Amino acid sequence: MAYNFKEVEKKWQKYWDDKESFKAITGDKKEPYYVLVEFPYPSGSGLHVGHVRSYTAQDAIARMKRMQGYNVLYPMGWDAFGSPAEQYAIKNHIHPKDAVKENIKTFKGQMKNLGFSFDWSREFSTTDPEYYKWTQWQFLQFYKHGMAYKDTIPVNWCPTCKSVLSNEDAAGGVCERCGAKVVQKEKSQWMLRMSNYAEDLLKGLDDTNFADKVKLGQINWIGKSTGVELDVQIVGGGSFSIFTTCIETVYGITFFVIAADGKLVKELMPRIQNKDEVNKYIEETAQKTNMDRTDLNKGKTGCEVKGIKAINPVNGKEVPIFLGDFVLGDYGTGAVMAVPSHDQRDFEYAKAHNLEMLQVIDGADTSNCAFEKTDYLGKGCKLINSEEFTGLTVEEAKKSITKKLVDKGIAREVNNYKMRDWIFSRQRFWGEPIPMIYCEKCGWQPMKEEDLPLLLPDVAEYEPTENGESPLANITDWVNTTCPCCHGPAKRETDTMPNWAGSSWYFLRFMDAHNDKEFASMDAMKYWNKVDWYNGGMEHTARHLLYARFWVQFLYNIGLVPNKEMIWTRVSHGMVLGSNNEKMSKSKGNVINPDDVVNEFGADTLRIYEMFMGDYQQDAPWSTDSLKGCSRFIDKIIRLKDKISDGEGYSKNLEALIHKTIKKVQNDLTTMAYNTAVSALMILVNTFDEQENITKDDYHVLLTLLNPIAPHITEELNEQIGFKPLCESSWPTYDESKTIDSEIELPIQVNGKLRKTIMISANADEETIKNAVHNEISSLLDGKTIVKEIYVKNKIYNIVVK
RNA sequence: GCGGAUGUGGCGGAACUGGCAGACGCGCUGGUCUUAGGAACCAGUGCCAACGGCGUGCAGGUUCGAUUCCUGUCAUCCGCACCA
């Protein structure tokens with residue numbers, strides 16, 4: 001029995017639009033609740049079934065919370081800056097803003113067809129000048145507080161395309177577009193001092209309710225390690241520092257390794273005897289990505305820096321210095337001490353280059369592999385070959401060696417963080433222009449705030465320049481301007497901001513989306529307080545989410561937002577894979593277009609299916625067969641309407657199940673167990689179906705519980721039986737006492753193996769149960785001795801026999 | 001390399017703090033109704049040499065009892081700083 005879902009869905013979508021059913025009112029007396037999904041990048045390929053999964057999940061929460069009496073903010077917008085739009089524009093000679101406008105229209109239409117309860121009155125795009133004005137304004141605040149600076153750093157460069165490449169586009173050291181070999185090129189870039197916030201970003205996690213794996217992801221990305229920075233003298237003058245977390249092995253140093261891309265090797269160059277060899281190695285290193293370089297199996301390359309020796313500060317021993325590509329110029333000090341007996345990477349390097357090794361911690365043989373800290377820490381291992389520290393445990397030695405070196409003034413206890421400053425420049429057209437002006441006389445000057453927004457110019461070509469500058473550099477009447485300071489001739493910064501800029505604060509803008517005086521008013525932000533529930537992909541844990549937290553913490557520190565953390569709960573969804581269990585992609589031909597599914601089966605079917613397909617946080621493959629099961633589920637509910645007969649309240653025999661189901665669905669929706677929520681409703685439907693008759697109230701509670709997931713058909717059926725619209729109704733309540741069964745099926749085990757089950761009364765005493773159990777399984781106990789009996793109330797009865 | 005996650009029937013997946021493994025759905029088998037079935041309904045469906053035994057990647061361990069806890073091991077997927 002097919003129903004006309006197209007008509008029904010359109011009808012209710014129109015109703016919600018007309019009534020503004022989902023408009024959130026800032027300042028409303030009801031308790032605020034802010035539900036957020038990551039706003040999409042409106043790509044040319046349209047909404048993905050993966051979007052549908054997370055938007056439906058959050059929609060279900062938003063709809064339930066509204067019925068529970070909250071003032072729910074569930075907004076949607078567009079993260080529309082970025083290189084795909086720019087690439088598309090280069091190819092087709094249209095302005096990216098036109099392509100973006102088209103794409104947004106498509107996305108929005110698709111979302112409307114799916115019935116998401118977004119508050120469309122707060123919609124904006126990061127590419128709107130009214131929005132990016134404030135992104136630029138906030139950049140100026142970073143600059144004015146000393147948080148933005150220019151630095152020269154290496155970028156991936158394709159000499160053929162004359163373009164800066166992302167690591168993704170430069171994967172394998174080859175340009176994705178033209179296949180040319182990618183090289184590293186020095187470029188001056190705007191940076192944000194994010195590393196200043198490393199400790200705060202770590203501590204701030206305590207004030208959030210992020211999922212553990214999200215917290216862990218951030219903690220690892222920040223990568224705090226506590227250790228010692230040690231000064232090392234060079235024979236014949238000069239010095240450098242190394243960072244180590246294993247100072248206890250300092251007597252085992254047999255050589256040092258310095259980064260090929262670091263500053264030290266350049267300083268030493270005049271004194272190096274084998275310049276040719278060293279330069280050649282530096283060049284080779286420049287062509288490798290960090291990942292290639294730190295890979296253990298590839299980490300043995302390098303060469304000695306001849307003519308220069310370093311002095312081990314603890315014992316005055318002269319040891320050689322090597323170049324190695326596993327040492328990164330931009331992590332730590334760009335130099336490491338090498339203790340081959342106690343670090344596997346050093347060990348392999350030493351073997352490959354035939355270098356000396358010296359064991360300084362006792363407890364394992366180090367002739368075939370290193371005895372590393374993971375194996376010796378906390379095991380009471382003692383030092384050997386370490387002068388006055390010989391005989392101390394590793395833990396004691398760590399402290400006393402550090403103390404000695406610190407007292408001597410040649411070492412410092414420091415925290416080191418893997419997280420680096422944020423490279424904020426992009427040599428692209430389609431991003432927020434960085435509102436900075438360069439004057440020969442006055443240097444870098446910020447634009448005046450009242451001159452914002454600095455608009456992207458309208459031009460026809462978006463090709464980058466010969467030397468890899470943003471296409472903006474070609475637009476001379478835009479570039480040439482006057483210095484805000486001396487009013488002389490000056491040039492604009494032609495780099496733009498990264499895509500992450502606009503998405504770092506959009507959730508604040510949703511709180512006060514059309515404010516033209518401030519990025520958002522303090523009152524509005526205080527009212528909404530925090531994003532209560534933020535959903536996004538796990539892949540954004542280390543990037544977007546961390547950038548956003550950094551941005552907010554900075555705004556908090558300068559008094560512009562009410563909380564240091566503006567996001568309370570962060571959860572992540574799994575991907576929707578193709579039916580072949582692989583990531584959906586055009587090339588694999590396994591892409592499912594949500595429009596097709598909505599056309600053939602309706603939005604409600606798609607929504608139920610995507611909630612039912614599996615654990616929300618886990619990837620799940622698409623199955624059109626399973627989708628049909630959800631279509632049948634709806635048909636079954638429609639047929640149930642014919643069973644409605646007179647009668648008030650819940651049917652007596654259904655009451656317990658109904659109360660249990662309310663509890664189950666409510667709990668499941670708040671713990672993202674959407675699949676079992678649907679399953680519980682299927683069980684309820686199956687049970688209703690077994691009845692001769694059901695009451696209107698039985699049916700109504702079913703429709704209410706399913707409404708957050710399948711809003712259209714439930715509204716329609718609900719109207720047909722004469723109730724007011726569900727979007728204006730309340731969530732049902734359950735009575736805990738009615739969810740408890742009076743009779744329980746008790747499993748009986750003998751020696752841990754299930755033998756029988758018996759029905760018992762939930763409040764029966766143990767003696768009664770024991771008798772019943774023995775009575776039931778007496779034949780199985782014949783000739784056996786009972787060793788032990790275990791009864792777990794209302795759970796299990798286990799008898800151990802010999 | 002670093003970091004994260006996952007492994008349960010033919011398939012997607014359930015199983016609360018250790019307590020009936022396989023809920024729910026798909027698929028499949030047989031039947032009813034029907035001009036018809038990509039509709040609905042009824043019965044069945046983990047595996048095997050089936051009154052019993054075996055089963056949650058693999059090998060051990062703890063326990064009266066392990067998908068769940070511990071040790072080791074194998075495999076797969078994802079992220080890694082200019083893709084969003």
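These figures come from a predicted structure and were not determined experimentally. All chains are named by letter (A, B, ...) in the order of the sequence lines, taking the proteins before the strands, and each is independently numbered beginning at 1.
- If you take OH of A:Y417 and P of B:C80, they are 24 Å apart, rounded to a whole angstrom.
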* Asked: How would nucleotides 9-17 of chain B be written as a contact map, 5' to 3', with B for base contact, S for sugar-phosphate-only contact and - for no contact, using protein heavy atoms under 4.0 Å?
  -> ---BSS-B-
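- Under the salt bridge (Lys or Arg N to Asp or Glu O under 4.0 Å) criterion, A:K660 pairs with A:D741, sequence neighbours left out.
- Within the structure, every pair that satisfies the salt bridge (charged side-chain N to carboxylate O under 4.0 Å, His left out) test and touches residues 605-619 of chain A, not counting sequence neighbours, is listed here: A:D59-A:R607.
- Across the protein-nucleic acid pair, A:L165 atom CG and B:C82 atom P stand 13 Å apart, rounded to whole Å.
- With B:A84, B:G4, B:G53 as the candidates, the nucleotide lying closest to the side chain of A:N499 is B:A84.
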Every protein N/O within reach of nucleotides 44-50 of chain B N/O, cut-off under 3.5 Å:
none

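- For residues 662-678 of chain A, every residue pair satisfying the salt bridge (charged side-chain N to carboxylate O under 4.0 Å, His left out) rule, not counting sequence neighbours, is listed here: A:K663-A:E736, A:K664-A:D668.
- Which of B:A23, B:C20, B:C82 sits closest to the side chain of A:E745 comes down to B:C20.
- The salt bridge (Lys or Arg N to Asp or Glu O under 4.0 Å) test applied to A:E38 returns A:R570, not counting sequence neighbours.
- The side chain of A:D625 lies closest to B:C26, out of B:G19, B:C26, B:A23.
- For A:S425, the side-chain hydrogen bond (donor to acceptor under 3.5 Å, both in side chains) partners at least two apart in sequence or on another chain are A:D495.
- As judged by a 4.0 angstrom heavy-atom cut-off over every strand, A:K636 is placed among residues touching the sugar-phosphate backbone only.
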* Mark up nucleotides 67-74 of chain B, 5' to 3', with B wherever a protein heavy atom is under 4.0 angstrom from a base atom, S wherever such an atom reaches only the sugar-phosphate, and - elsewhere. => --------
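- Sequence neighbours left out, the pairs with a member in residues 216-225 of chain A that pass side chain to side chain donor-acceptor pair (under 3.5 Å) are A:E199-A:K224, A:Q218-A:R549.
- Every residue was checked against the side-chain hydrogen bond (donor to acceptor under 3.5 Å, both in side chains) condition with A:S631, not counting sequence neighbours, and none meets it.
- Under the rule for a salt bridge (Lys or Arg N to Asp or Glu O under 4.0 Å), A:E743 has no partner lying at least two apart in sequence or in another chain.
- Base engagement by A:S425 is indicated by at least one non-hydrogen atom pair under 4.0 Å involving a base atom.
- Taking a pair as Watson-Crick or G-U wobble with both distances under 3.5 Å, RNA chain B forms stems of 3 or more consecutive pairs at B:1-7 with B:74-80, B:10-12 with B:24-26, B:27-32 with B:40-45, B:46-48 with B:52-54, B:57-61 with B:69-73.
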